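Worth saying up front: this structure is predicted, and the values here are computed from it rather than measured.
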Amino acid sequence: MGYEEIPGSLNLTMRNFWAGWFPGIIHNDIPGDMSDPSRPVGFRDCNNVTYYEGKLKKFPGYSTVTSSELSAGNVFTSIYYSRVLNSVVGTVNTAIYRDLDNASPTAITGAIVASASARPHWTDWQFETTSLAIGTDGTNPAWKWNGSGNAALLGGTPPVGEFIVAWQQAVWIAKTSTETSTVFFSNLGDPEVWTTNDDYKFDAPITGMAVLGDLLVVFTEDHIGVLNGTNNRRLTKVDRYISGIGCNASHSIHNCKFGGREVLVFHARDGWYFFDGSRTIVKLSDPIQQKYYGTATESWNAARFQYMAGAWYPRHNWYLAALADGGDIANQFKVALDMARPFN
């Protein structure tokens, strides 16, 4: 059985089939030109589908978590998969839960106080026989969970910071209310011992933090700094490793795979980029650039960029993000980037 080309029609290419708009609502056509591959075209009535492996597929759906604690009116403020504990943990209003991917999550709040208005960050810690998921919200003392019982306060005197990562056998916490440009680190091999003046000060308020290989990457609003080295107290600090582009959505930062290597995907003022550790960053969102310059109803709700949530979907090597569109006040718009074909 063969296929006949209809006179006057044009074959679709991967480039002009990028039209993976994934809202659950009707949208307008995206301007473009089918005859010009450099001007990708959007389609109507392609809601909740994406192009993958040569065919249209439904966009990943969801399973309802049926728990009274997670009923209407309660708000997820963080969700995190702990690989060292093999559990999905997170915060809902002021409560901390484990097994958030199950029908009946279990509260592990205990005596911990979490902020309902903050968006906590988490990291995994594993050293010798100790495995922990550690969270912080920038308002209350950091907490830990070891996989059983309730969460507890992280010991010692850790700074009350907004961002947290584990790197080079230490825990790193950044941006306290009084030192917004500072990254603090724990003692080697012990996240519950903190020594005065073990810190690095950057040149602007920190907006996010992540680990990429041997680098600790520190984002600000309009540039990217790094720490590098092997001795935590004698690291090389570069305040402006990348100038002119920074991150304005800390939960958009995720480690992804591109071309067989690890990169950090993140959102800046004018779109999504990836950083691979070199002095050159790569912009990923040119095909949807009009969403940054349209009218209030045509563009994203820029005032809510800070609440954007991103994730890497390793099964298909997709970077996914949820954000607010137009005048929306919730992250009801989903976008996807196929990291195997990011420029198509």
Undergrad: Please check if Leu188 and Val193 belong to a single hydrophobic cluster, counting links between Ile, Leu, Val, Met, Phe, Trp and Tyr side chain heavy atoms closer than 4.5 Å.
TA: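 Different hydrophobic clusters.
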
Undergrad: Which residue is it: Val89, Thr136, Thr77, Ile164? I am looking for the one with a side chain to side chain contact (heavy atoms under 4.5 Å, CB included) to Pro120.
TA: Thr77

Undergrad: Is there a continuous path of hydrophobic side-chain contacts, each under 4.5 Å between heavy atoms, that joins Ile224 to Met209?
TA: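 Ile224 does not cluster with Met209.
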
Undergrad: Nearest 0.5 Å, please: how far is CD1 in Ile281 from CG in Leu264?
TA: 11.5 Å

Undergrad: I'd like to check the ring-ring contact (aromatic ring centres under 6.0 Å, His included) partners of His254; sequence neighbours left out, ordered by chain and number.
TA: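 His254 satisfies ring-ring contact (aromatic ring centres under 6.0 Å, His included) with no residue once adjacent residues are dropped.
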
Undergrad: Please name the pair of heavy atoms, one in Ile96 and one in Ala151, separated by the smallest distance, quoted to 0.1 Å.
TA: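 Closest approach of Ile96 to Ala151: CD1-CB, 4.4 Å.
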
Undergrad: Please step through salt bridge (Lys or Arg N to Asp or Glu O under 4.0 Å) for the pair Arg119 and Glu162, ending with a clear verdict.
TA: CA-CA 9 Å; Arg119 299 191 64 231; Glu162 187 173 341; over 6 Å; no

Undergrad: To check you understand the geometry: which heavy-atom pair defines the closest contact between Ala336 and Leu320, and what is its length?
TA: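 What the structure gives for the nearest pair is CB-CD2, 3.6 Å.
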
Undergrad: Does some side-chain heavy atom of Val113 sit less than 4.5 Å from a side-chain heavy atom of Thr94?
TA: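 The answer is no; the side chains never approach within 4.5 Å.
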
Undergrad: Evaluate the side-chain proximity of Met339 to Trp318: yes if any heavy-atom separation is below 4.5 Å, no if none is.
TA: no

Undergrad: Shared ILVMFWY cluster between Phe127 and Trp194, side chains joined below 4.5 angstrom?
TA: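 Yes, same cluster.
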
Undergrad: Are the side chains of Ser250 and Phe163 in contact, using a 4.5 Å heavy-atom criterion?
TA: yes

Undergrad: At what distance, to the nearest 0.5 angstrom, does CG of Leu154 lie from CG of Leu132?
TA: 8.0 Å

Undergrad: Any idea which heavy atoms bring Ala174 and Val183 closest together, and the distance?
TA: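 Heavy atoms only, the tightest pair is CB-CG2, 3.9 Å.
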
Undergrad: Under 4.0 Å between a Lys/Arg side-chain N and an Asp/Glu carboxylate O for Arg261 and Asp276?
TA: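 A salt bridge links Arg261 with Asp276.
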
Undergrad: Donor-acceptor check, side chain of Asn102 to backbone of Ser104, threshold 3.5 angstrom: yes or no?
TA: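 It does not hold such a pair.
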
Undergrad: Can you classify the ring geometry of His316 versus Tyr313 as parallel (below 30°), tilted (30 to 60°) or perpendicular (above 60°)?
TA: perpendicular

Undergrad: Under the side-chain hydrogen bond (donor to acceptor under 3.5 Å, both in side chains) rule, what pairs show up with a residue in residues 166-175, not counting sequence neighbours?
TA: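 Qualifying pairs, neighbours excluded: Gln168-Asn232.
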
Undergrad: In the structure I gave you, are the side-chain heavy atoms of Thr220 and Asp222 within less than 4.5 Å of one another anywhere?
TA: yes

Undergrad: Quick one: sort the Phe219 and Phe266 rings into parallel, tilted or perpendicular, breaks at 30° and 60°.
TA: tilted

Undergrad: Kindly indicate whether the side chain of Val160, heavy atoms from C-beta on, has any atom under 4.5 Å from the side chain of Thr176.
TA: no

Undergrad: Any side-chain donor-acceptor pair under 3.5 Å between Asp137 and Asn140?
TA: yes

Undergrad: Output the distance between atom CG (Asp325) and atom OG (Ser299), rounded to the nearest 0.5 Å.
TA: 7.5 Å

Undergrad: How far apart are the C-alpha atoms of Leu227 and Thr236, what are their side-chain angles, what is the distance that settles it, and do they pass the side chain to side chain contact (heavy atoms under 4.5 Å, CB included) test?
TA: CA-CA 6 Å; Leu227 289 172; Thr236 298; over 6 Å; no

Undergrad: Working to the nearest 0.5 Å, report the span between CE of Met308 and SG of Cys247.
TA: 8.5 Å

Undergrad: Got Tyr273 and Leu284 here, is their nearest side-chain heavy-atom distance under 4.5 Å?
TA: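 No; the side chains remain at least 4.5 Å from each other.
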
Undergrad: Checking Tyr200 now: which residues fulfil ring-ring contact (aromatic ring centres under 6.0 Å, His included) with it, not counting sequence neighbours?
TA: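 Partners of Tyr200 by the ring-ring contact (aromatic ring centres under 6.0 Å, His included) criterion, ordered by chain and then number, come out as Phe185.
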
Undergrad: Suppose we screen for side chain to side chain contact (heavy atoms under 4.5 Å, CB included). Which residues come up paired with Asp124, at least two apart in sequence or across chains?
TA: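 Checked Asp124 against side chain to side chain contact (heavy atoms under 4.5 Å, CB included); matches are Tyr80, Ser82, Arg83, Val84, Ala133.
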
Undergrad: For residues 142-153, which residue pairs qualify under side-chain hydrogen bond (donor to acceptor under 3.5 Å, both in side chains), counting only residues two or more places apart or in two chains?
TA: Lys144-Glu192, Asn146-Ser148

Undergrad: Are any non-hydrogen side-chain atoms of Val263 and Tyr319 less than 4.5 angstrom apart?
TA: no

Undergrad: For Gln126, is there any backbone N or O sitting under 3.5 Å from a side-chain donor or acceptor partner on Ser131?
TA: no

Undergrad: Supply the atom-to-atom distance Ile108 CD1 to Tyr97 OH, rounded to the nearest 0.5 angstrom.
TA: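 Between atom CD1 of Ile108 and atom OH of Tyr97 there are 10.5 Å.
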
Undergrad: Please say yes or no: joined through hydrophobic side-chain contacts below 4.5 Å, possibly via intermediate residues, are Phe184 and Val165 part of one cluster?
TA: no

Undergrad: Return each pair, listed once, that meets side-chain hydrogen bond (donor to acceptor under 3.5 Å, both in side chains) where at least one residue sits in residues 202-215; pairs must be two or more places apart or across chains.
TA: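 Listed by first then second residue: Asp203-His223, Asp203-Arg240.
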
Undergrad: Determine whether the side chains of Ser87 and Asp99 contain a donor N or O and an acceptor N or O closer than 3.5 Å.
TA: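 Looking only at side-chain atoms, Asp99 and Ser87 do form a donor-acceptor pair, the distance falling under 3.5 Å.
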
Undergrad: Between Asp198 and Asn187, is the side chain to side chain contact (heavy atoms under 4.5 Å, CB included) condition met? List the steps.
TA: CA-CA 9 Å; Asp198 275 358; Asn187 277 20; 4.1 Å; yes

Undergrad: Give a yes or no on whether a salt bridge exists between Lys283 and Asp270, defined as a side-chain N under 4.0 angstrom from a carboxylate O.
TA: yes

Undergrad: Might you point out which heavy atoms bring Gly246 and Ala268 nearest each other, and give the distance in Å?
TA: O-CB, 3.0 Å

Undergrad: Looking at Ala95, is its backbone amide N or carbonyl O close enough to the side chain of Asn93 to form a donor-acceptor pair, meaning the two atoms are under 3.5 Å apart?
TA: no

Undergrad: Going by distance alone, is a donor N or O of one side chain under 3.5 Å from an acceptor N or O of the other, for Thr280 and Ser278?
TA: no

Undergrad: Is there a side-chain contact between Trp312 and Asn317 (heavy atoms, below 4.5 Å)?
TA: yes

Undergrad: In sequence, state the C-alpha distance, the side-chain angles, and the governing distance for Asn248 and His267, and then conclude on side-chain hydrogen bond (donor to acceptor under 3.5 Å, both in side chains).
TA: CA-CA 6 Å; Asn248 64 358; His267 187 268; 2.9 Å; yes

Undergrad: After noting the C-alpha distance and the side-chain angles of Asp101 and Tyr81, does the key distance pass the side-chain hydrogen bond (donor to acceptor under 3.5 Å, both in side chains) rule?
TA: CA-CA 9 Å; Asp101 55 338; Tyr81 173 62; over 6 Å; no

Undergrad: Kindly give the heavy-atom pair with the smallest separation between Leu85 and Gly147, and that separation in Å.
TA: CD1-N, 3.8 Å

Undergrad: With a 3.5 Å distance limit and no angle check, can you tell me whether Thr123 reaches the backbone of Ile134 through a side-chain donor-acceptor pair?
TA: no

Undergrad: With rounding to the nearest 0.5 angstrom, report the CG to CZ distance, Leu323 to Phe305.
TA: 6.5 Å

Undergrad: Would you say the ring centroid of His251 lies under 6.0 angstrom from that of Phe76?
TA: no

Undergrad: Tell me whether Ile253 shares a hydrophobic cluster with Ile245, the cluster being built from Ile, Leu, Val, Met, Phe, Trp, Tyr side chains joined at under 4.5 Å.
TA: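 Shared cluster, yes.
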
Undergrad: Checking side chain to side chain contact (heavy atoms under 4.5 Å, CB included) against Val211, which of Asn255, Val217, Leu216 comes through?
TA: Leu216

Undergrad: Testing the basics here: between Ile288 and Trp272, what is the closest heavy-atom pair and its distance to 0.1 Å?
TA: CD1-CZ3, 4.0 Å

Undergrad: Have His121 and Ser78 got a donor and an acceptor in their side chains that come within less than 3.5 Å?
TA: no

